[in-house]
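Note that these values count all heavy atoms, side chains included, but never hydrogens, waters or copies made by symmetry.
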Amino acid sequence: MKTERESLTRAIGTIGLAAGIVNVMIGGGIFRVPALVAASLGPAAPVAYVICAIAMGLIVVCIAAAGKRVTMTGGPYAYVGTALGPFAGFISGILLWMLGTFATAAVSSVMASSLAELIPALSGGAMHALILILAFAFWSLINTRGVTAGVRLNTVVTVAKLLPVLLLALAGAFFVRPENLRIAAWPPVGDFARMALILVFAFAGIEVALIPSGEVRDPERTIPKAIAIAMIGVTVLYIALQVVAQGILGPALSASTVPLADAAGASLGAWARSLLLVGASISMFGHLGGMTLSIPRIVYALARDGFLPRALGAIDATHRSPRAAIIFQAILTLAFAISGTFESLAVIANVSALALYLGCAIASWKLGQSPIVPVLASAVIAWLFTGMTRSEWLAFGACLAGASLIYLVRRSAAGATVRARS
């Protein structure tokens with residue numbers, strides 16, 4: 001097992017880490033993807049959740065195995081770098097950074113739109129930007145004051161945002177029409193691959209929530225327990241929500257822009273629809289908080305290892321938090337959130353996640369895990385990659401090429417410095 005002596009405080013326990021994982025996983029994806037999956041698969045949509053859950057289960061076993069052996073801050077970045085060397089570690093760090101940045105930007109953009117639907121006075125581009133600025137400023141201020149305050153507030157937000165969706169999952173079940181769940185014809189296998197790829201966005205989050213590994217108490221025990229609690233709970237909830245929404249709305253589900261809210265309104269009334277919209281906004285606000293806690297730690301880790309300016313690897317003397325990294329990441333993500341759209345940002349996040357998961361699977365095997373699970377996980381990831389389009393492959397390849405160029409430039413500069421000193 002590889003550890004490091006860092007000046008960060010180990011203050012995150014099992015419940016805090018599990019809440020952080022759930023908080024990041026249940027962001028904005030589940031409030032949008034039920035309609036997308038239903039449009040492609042119809043009543044067979046829950047099968048795609050099962051496929052994605054199995055894939056993610058294999059992947060998180062690999063991540064947990066690596067996390068027990070490498071407890072440095074950086075999560076998968078540290079795992080892959082330790083197992084496969086500095087270049088692979090750097091690429092995984094960039095993938096993790098891309099995943100977190102684009103996913104946060106996508107979800108926070110939808111959060112601003114949801115608030116505008118609830119409060120018409122908040123509509124328009126200027127108000128959209130103002131909401132995002134205030135949200136990012138709030139969470140940045142909370143998290144610069146130390147990891148303990150951020151974890152506590154994230155736990156409270158996680159509980160608050162779960163209540164509306166749990167209400168729909170439980171009460172909505174009494175309004176399900178069996179005929180809406182009847183499968184007349186099974187969709188092609190390729191459609192399941194594409195939808196499982198899209199669902200990665202709704203399931204992703206474990207790898208991001210593990211970035212503060214250097215601040216977890218007793219990580220060898222805490223990390224696997226927290227992952228198991230979060231993964232099982234979220235999978236059951238997602239399948240229940242898809243079944244309830246499909247069972248209530250039927251064919252109308254695929255045309256909904258707010259599927260869970262529409263399902264709540266059709267079953268429980270207008271008050272329930274408003275409650276789900278409020279819940280969605282709280283959920284996405286909490287997701288932003290979890291990501292504002294986690295993603296700056298990868299900026300800190302990259303700076304600590306010399307890939308980014310050293311100033312971003314500084315620790316605030318008072319609150320023992322990576323203050324500079326938090327502020328830098330907030331500004332960067334805010335810019336994408338204001339200028340981008342949910343769909344385009346989510347696609348980049350999904351592809352980055354799958355590539356990162358593949359690296360974690362290989363790393364877990366190199367770190368001593370039995371090869372059975374890593375091989376199965378790698379095979380499933382390869383199958384999910386078949387759901388990508390040509391344009392997505394090209395965009396992803398361009399990002400990797402750019403990251404590789406940065407690595408080569410930094411390595412050449414470091415080599416030149418060493419030669420000059422000698």
Side-chain angles (χ1 to χ4, degrees), residues 25-57 59 102-103 106-107 110 113 165 168-169 172 176-205 234-264 266 276 280 341-354 357 380-396:
M25 289 179 74
I26 305 179
I30 192 56
F31 295 97
R32 292 286 296 271
V33 298
L36 298 176
V37 182
S40 176
L41 303 178
V47 177
Y49 285 85
V50 175
I51 293 172
C52 193
I54 292 173
M56 290 300 298
I59 290 165
F102 290 114
V107 171
V110 175
S113 299
V165 292
L168 174 61
V176 168
R177 297 181 180 180
E179 61 270 21
N180 288 336
L181 300 175
R182 196 169 293 121
I183 303 174
W186 284 93
V189 174
D191 289 352
F192 283 104
R194 179 65 181 175
M195 289 303 104
L197 173 63
I198 290 176
L199 282 173
V200 167
F201 189 82
F203 277 91
V234 168
T235 300
V236 172
L237 178 62
Y238 279 2
I239 293 176
L241 290 171
Q242 182 71 38
V243 170
V244 167
Q246 183 76 47
I248 293 172
L249 297 177
L253 174 61
S254 61
S256 175
T257 57
V258 283
L260 297 188
D262 284 344
L276 258 294
T341 62
F342 176 84
E343 290 77 12
S344 60
L345 294 168
V347 166
I348 300 175
N350 281 2
V351 177
S352 300
L354 285 177
Y357 296 154
V380 172
I381 292 169
W383 179 70
L384 289 176
F385 272 133
T386 64
M388 290 174 59
T389 65
R390 176 183 173 84
S391 61
E392 290 165 0
W393 276 113
L394 291 174
F396 180 64

For this session: Could you tell me which residues satisfy side chain to side chain contact (heavy atoms under 4.5 Å, CB included) with Asp191, sequence neighbours excluded, listed by chain and number?
Result: Ser40, Leu41, Pro187, Pro188

For this session: Measure the shortest side-chain to side-chain distance between Val200 and Cys52 over non-hydrogen atoms and say whether it is less than 4.5 angstrom.
Result: yes

For this session: Kindly state each residue pair satisfying salt bridge (Lys or Arg N to Asp or Glu O under 4.0 Å) with at least one member in residues 36-48, sequence neighbours excluded.
Result: none

For this session: Taking all non-hydrogen atoms of both residues into account, name the closest pair between Met388 and Glu392 and its distance.
Result: CA-OE1, 3.4 Å

Problem set entry | Phe385: ring-ring contact (aromatic ring centres under 6.0 Å, His included) partners, not counting sequence neighbours | Trp393

Seminar exercise, completed: Of all heavy-atom pairs linking Val244 and Leu168, the shortest is CG1-O, 3.7 Å

Problem set entry | Side-chain touch Ile51/Trp383, heavy atoms, less than 4.5 angstrom | yes

Exercise. Looking at side-chain heavy atoms only, is the closest gap between Leu260 and Pro34 below 4.5 Å?
Worked result: yes

Exercise. What pairs meet the salt bridge (Lys or Arg N to Asp or Glu O under 4.0 Å) rule with one or both residues in residues 234-254, with sequence neighbours excluded?
Worked result: none

Problem set entry | Heavy-atom pair of closest approach, residues Ala39 and Ser254 | CA-CB, 3.5 Å

Seminar exercise, completed: Applying side chain to side chain contact (heavy atoms under 4.5 Å, CB included) to Pro46 and not counting sequence neighbours gives Gln242, Val243

Problem set entry | Within residues 247-261 or reaching into it, pairs that qualify as salt bridge (Lys or Arg N to Asp or Glu O under 4.0 Å) - sequence neighbours excluded | none

Exercise. Do Val165 and Leu241 have side chains that get closer than 4.5 Å, going by heavy atoms?
Worked result: yes

Exercise. Quick one: salt bridge (Lys or Arg N to Asp or Glu O under 4.0 Å) pairs with a partner in residues 234-251, sequence neighbours left out?
Worked result: none

Exercise. What residues, two or more places apart in sequence or in another chain, satisfy side chain to side chain contact (heavy atoms under 4.5 Å, CB included) together with Ser391?
Worked result: Thr389

Seminar exercise, completed: Ser256 meets the side-chain hydrogen bond (donor to acceptor under 3.5 Å, both in side chains) criterion, sequence neighbours left out, with Asp262

Seminar exercise, completed: Thr235 meets the side chain to side chain contact (heavy atoms under 4.5 Å, CB included) criterion, sequence neighbours left out, with Ala53, Phe203, Met231, Ile239

Exercise. Is Arg194 reaching over with its side chain to a backbone N or O of Gly387, donor-acceptor style, under 3.5 angstrom?
Worked result: yes

For this session: Answer whether the closest heavy-atom distance between the side chains of Val110 and Arg32 falls below 4.5 Å.
Result: yes

For this session: Taking the side chain as every heavy atom from C-beta outward, state whether Leu199 and Val37 have any atom pair closer than 4.5 Å.
Result: yes

Seminar exercise, completed: Heavy-atom closest pair (Ile30 atom, Val33 atom, distance to 0.1 Å) is CA-CG2, 4.0 Å

Problem set entry | ring-ring contact (aromatic ring centres under 6.0 Å, His included) involving Tyr49 - partner list, sequence neighbours excluded | none

Exercise. Do you know which two heavy atoms are closest between Leu36 and Met195, and how far apart they sit?
Worked result: O-SD, 3.7 Å

Problem set entry | Atom of Gly247, atom of Asn180 and distance for their closest heavy-atom approach | O-ND2, 2.9 Å

